K.L.:
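Mind looking over this structure? Questions follow.
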Number of protein chains: 2
Amino acid sequence: MKLKEFAKQLGLSPTTVSRALSGYPEVSEITRARVAEEAVRLGYRPNVNAVRLKTGRAGAIGVVMGRAGEFHFAEFMAGMAERLVPEDTDILVIPMADPDDDKEMELYRRLVESQRVDAIIMHSPRPDDARIALLHALGMPFLVHGRSDIDVPHAWLDIDNEGAVRRATAHLLDLGHTRIAMINGRPGATYALHRETGYRSALVSRGIAADPGLIASGNFTDELGFRFARAFLERSDPPTAIVAGSMMSALGVYRAVRSLGLQVGVDVSVIAHDDVFPYLSADNMAPSLSATRSSMRAAGTRCADLALQLIRGVSPLEIQEVWPVELILRESTGPVRR
Amino acid sequence: MKLKEFAKQLGLSPTTVSRALSGYPEVSEITRARVAEEAVRLGYRPNVNAVRLKTGRAGAIGVVMGRAGEFHFAEFMAGMAERLVPEDTDILVIPMADPDDDKEMELYRRLVESQRVDAIIMHSPRPDDARIALLHALGMPFLVHGRSDIDVPHAWLDIDNEGAVRRATAHLLDLGHTRIAMINGRPGATYALHRETGYRSALVSRGIAADPGLIASGNFTDELGFRFARAFLERSDPPTAIVAGSMMSALGVYRAVRSLGLQVGVDVSVIAHDDVFPYLSADNMAPSLSATRSSMRAAGTRCADLALQLIRGVSPLEIQEVWPVELILRESTGPVRR
DNA sequence: GCATGAATTGAAAACGATTTGGCTAACGAG
DNA sequence: CTCGTTAGCCAAATCGTTTTCAATTCATGC
């Protein structure tokens, strides 16, 4: 059923029907009602591609996905959907190429030129992220989930990674721990830097020098959590507490602690960052995991919302949001054992 | 840069340029080369929306996403991307509505009519899944990841859930276990039924009656894994082995076993299904987890491939694939303890 | 030297909507 | 009774491609 045909059935012109459906003011309320009603009855729906061609709007928001199958991603997208479904806006997944490669840049360029999306949401930027510069130069509305120091205006939403880790570390210090290890994310991303800054600043404020041997970086996997924690704990001067970057890392850390016959929360205190997953909760771990917490799903919803605002013309400069992070103390942290 | 303008720069007609770029045979090799080269140099790219309108092809495949943020999803999509990126086909995420609701049906209807996707990939169908009937009726190419008994032709790719669980259960029986519990997925989905069938048939073949009290169903979460396993093990006649539906369930089961002072692989044997995640591996659990294994990522890649075939006109009837599932024995399974 | 067919190329008509710029009728005001 | 204004509607142009149909060129065989 096309507009022309539908209009004929109604005894109206395509113009009027189009206007009625798009809510323009110059059509009488009574006609509008009739058109709307008949559209439902006859099942008329404007052809998206025609609308897109004519208006230049894509009706879709692109979200960049890492190729490693990050477990955060589904949760973030589910959050996006919450906001975007009622808006009738599509979610387009943009698989990342190698970020260091020129291909990645080429990919964005093509994406923008092809007008398949009205805005882009990207994750885990680096302090000097060429993608941001490019998207800005191309004039594509985009929202950064995370932050960048790059000298280009960009909208962003981030959590207070630095503050979160600082508080977590400070809490461990309060408990008497002085040798505190840290398992961070892949080096390069701003969030990893911020976390390290938070960690260091907490130590410094107590006059403790950070031991480079107690800092490790890598993907947020159970395996690396285990390997790093084992390596820390097998040192001659092992840490008494570990700050881990994710729930998966924490699983590995727990395992490492246990594997050495030690007890989490007693011999070794553990704090991790929890993005709040429906399938794995810090509360349910044994012992329950003290964690810095921030909902990935909520971030997805809000990012989608902000992207919509960008599309509607809000200036990127007005969109800069830092979310506070909760610190939830549970059983995995305890006073240092002498 | 539009086609018209680009063509003029080349001193050719839009027709020829279009043909050259789309690889039609009636344009000379030399012109084609020139056009291709200049297109890169001048940065001409056809407007996707115009192409879509004209050709009726959307250049995108839709994939249905549950709203619960299933952890499998990112992995599956990463797999899809592997196949779809080189094909220059977009991935559109279709958030699911309530499947029992009419809204879900309405959603598909609109999706199809709006011509936003050329094919749809859906997951976890039920034996009698109205969505399949609808998509078939609407004439939309679609691929089912999983299976359905519905009497409507549909293309599908599934793993051998029944065989996997049968073998897993049989292996436990071989080890002398006779009281074997099972933690299944949400009731209703075909895969859950198949798994239960596999479980029951293994028991029956040894003349053992399935105890309904040893079968539980629910989302694949750590929490439910724990709760179900606890409930099982606290019975007066506890099972000596547990078959779990996912890695997350297995985490919960491990926790439950430990919480009762029991030992996985010694007091209680555990087998789970492993979709192979980069961030959590059965091999690394402690004790390492015996598992039925099938790569979710590979499934995503293959599903994307099959969807492309459907688009190219291959009959759904020719696309029916069952993947065998590996059974990998590790430390979490051992002979029954008397 | 000419008809024939193959090899290339173009002009123009779609695709299905939105939107600009009229047009008509009705209503008050003068 | 006319004129200006407004509400409501419509015709036609447009978005940027693809594709049908027709035209042109060119070599080939006679």
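Everything numeric in this text was worked out from a predicted model, so none of it was measured. Every chain is numbered from 1, with letters handed out A, B, ... down the list of sequences. These numbers come from the heavy atoms of this one structure, side chains and all, not from hydrogens, waters or symmetry mates.
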K.L.:
Tell me every residue that passes side chain to side chain donor-acceptor pair (under 3.5 Å) with A:Arg297, counting only those two or more places apart in sequence or in another chain.
P.N.:
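Side chain to side chain donor-acceptor pair (under 3.5 Å) list for A:Arg297, sorted by chain: A:Glu75, A:Glu82.
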K.L.:
So which nucleotide from D:dT14, C:dT19, D:dC10 ends up closest to the side chain of A:Tyr24?
P.N.:
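My answer, after comparing the listed nucleotides, is C:dT19.
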K.L.:
Return the value, rounded to whole Å, for the distance between atom CZ of B:Phe6 and atom P of D:dT18.
P.N.:
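Computing the B:Phe6:CZ to D:dT18:P distance gives 12 Å.
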K.L.:
Tell me whether the side-chain N/O atoms of B:Thr15 come closer than 4.0 Å to OP1 or OP2 in C:dG10.
P.N.:
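For C:dG10, neither OP1 nor OP2 has a side-chain N or O of B:Thr15 closer than 4.0 Å.
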K.L.:
Of the nucleotides C:dG10, D:dC9, C:dC15, which one has an atom closest to the side chain of B:Ser13?
P.N.:
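Ranking C:dG10, D:dC9, C:dC15 by closest atom to the B:Ser13 side chain puts C:dG10 first.
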K.L.:
Between A:Leu21 (CG) and C:dG16 (C1'), how many Å, whole number?
P.N.:
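Atom CG in A:Leu21 sits about 14 Å away from atom C1' in C:dG16.
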K.L.:
Scan the side chains in residues 307-317 of chain A for donor-acceptor partners under 3.5 Å anywhere in the protein, sequence neighbours excluded, and list what turns up.
P.N.:
| from | atom 1 | to | atom 2 | distance (Å) |
| --- | --- | --- | --- | --- |
| A:Gln309 | NE2 | A:Asp305 | OD2 | 3.4 |
| A:Arg312 | NH2 | A:Glu87 | OE2 | 2.4 |
| A:Ser315 | OG | A:Leu317 | N | 3.1 |

K.L.:
Between A:Glu38 and A:Arg41, does at least one N-O distance fall below 4.0 Å, as a salt bridge requires?
P.N.:
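Yes, charged N to carboxylate O under 4.0 Å.
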K.L.:
What protein N or O atoms touch nucleotides 21-26 of chain D N or O atoms at under 3.5 angstrom, if any, and at what distances?
P.N.:
| from | atom 1 | to | atom 2 | distance (Å) |
| --- | --- | --- | --- | --- |
| D:dC21 | N4 | B:Arg19 | NH2 | 3.2 |

K.L.:
Would B:Arg131 and B:Phe142 satisfy side-chain contact (heavy atoms from CB on, under 4.5 Å), going step by step from the backbone distance to the final call?
P.N.:
CA-CA 10 Å; B:Arg131 298 176 296 172; B:Phe142 66 102; over 6 Å; no
K.L.:
Scan residues 30-49 of chain B against DNA chain D and write down, sorted by residue number, each residue with any heavy atom closer than 4.0 Å; if none is found, say none.
P.N.:
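Per residue number, the list reads B:Tyr44, B:Arg45, B:Pro46, B:Asn47.
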K.L.:
Set out, line by line, the N/O atom pairs under 3.5 Å between protein and nucleotides 4-7 of chain D.
P.N.:
none

K.L.:
Any side-chain N or O of B:Lys2 under 4.0 Å from OP1/OP2 of D:dG16?
P.N.:
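For B:Lys2, the contact criterion (side-chain N or O under 4.0 Å from OP1 or OP2 of D:dG16) is met.
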K.L.:
Could you walk me through whether A:Ile150 and A:Asp128 pass side-chain contact (heavy atoms from CB on, under 4.5 Å), step by step?
P.N.:
CA-CA 5 Å; A:Ile150 202 164; A:Asp128 177 15; 3.5 Å; yes
K.L.:
Go through D:dT17, C:dT18, C:dC15 for me and flag the one nearest to the B:Leu53 side chain.
P.N.:
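Of the options given, the side chain of B:Leu53 lies nearest C:dC15.
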K.L.:
In whole angstrom, give the distance that lies between atom NZ of B:Lys54 and atom C1' of D:dT19.
P.N.:
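Distance check: B:Lys54 NZ to D:dT19 C1' gives 6 Å.
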K.L.:
Would you kindly give the CG-to-P distance between A:Leu3 and C:dG16, to the nearest whole Å?
P.N.:
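Interatomic distance, CG of A:Leu3 to P of C:dG16: 11 Å.
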K.L.:
Going by ring pair (Phe, Tyr, Trp, His ring centres under 6.0 Å), name the pairs with one or both residues in residues 31-70 of chain A, residues two or more places apart or in two chains.
P.N.:
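Passing the test, one end in residues 31-70 of chain A: A:Phe6-A:Tyr44.
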K.L.:
Work out which heavy atom in A:Val152 is nearest to a heavy atom in A:Ala133; give both atom names and the distance.
P.N.:
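Distance-wise, the nearest heavy atoms are CG2-CA, 4.4 Å.
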K.L.:
Taking the nucleotide of DNA chain C with the closest heavy atom to each, which residue, B:Val17 or B:Ala50, is nearer the 5' end?
P.N.:
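First, find each residue's nearest nucleotide; the 5'-ward one identifies B:Val17.
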K.L.:
Rounded to the nearest angstrom, tell me the gap between atom NZ in A:Lys4 and atom P in D:dA12.
P.N.:
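To the nearest whole Å, that distance equals 11 Å.
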K.L.:
Given side-chain contact (heavy atoms from CB on, under 4.5 Å), test A:Ile94 with A:Leu107 step by step and report yes or no.
P.N.:
CA-CA 9 Å; A:Ile94 307 166; A:Leu107 188 145; 3.6 Å; yes
K.L.:
Output the rounded distance in Å from CG (B:Leu10) to C1' (C:dT8).
P.N.:
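Taking CG of B:Leu10 and C1' of C:dT8, I get 16 Å after rounding.
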K.L.:
Identify the two heavy atoms, one from A:Ser22 and one from A:Ser18, that lie closest to each other, and give their separation to 0.1 Å.
P.N.:
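Minimum heavy-atom separation between A:Ser22 and A:Ser18: OG-O, 2.7 Å.
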K.L.:
Establish, with yes or no, whether the OP1 or OP2 oxygen of C:dT9 is under 4.0 angstrom from a side-chain nitrogen or oxygen of B:Thr16.
P.N.:
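Result: no.
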K.L.:
Students often mix this up, so state it plainly: with edges at 30° and 60°, are the rings of A:His145 and A:His123 parallel, tilted or perpendicular?
P.N.:
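Plane angle over 60°, so perpendicular.
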K.L.:
Considering only NZ, NE, NH1 and NH2 on the basic side and carboxylate oxygens on the acidic side, decide whether A:Glu29 and A:Arg32 come within less than 4.0 Å.
P.N.:
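Here A:Glu29 pairs with A:Arg32 in a salt bridge, since their nearest N and O are under 4.0 Å apart.
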K.L.:
Are A:Phe71 and A:Phe277 close enough, and set up right, to give a ring pair (Phe, Tyr, Trp, His ring centres under 6.0 Å), and what steps lead you there?
P.N.:
CA-CA 9 Å; A:Phe71 53 92; A:Phe277 304 108; 5.3 Å; yes
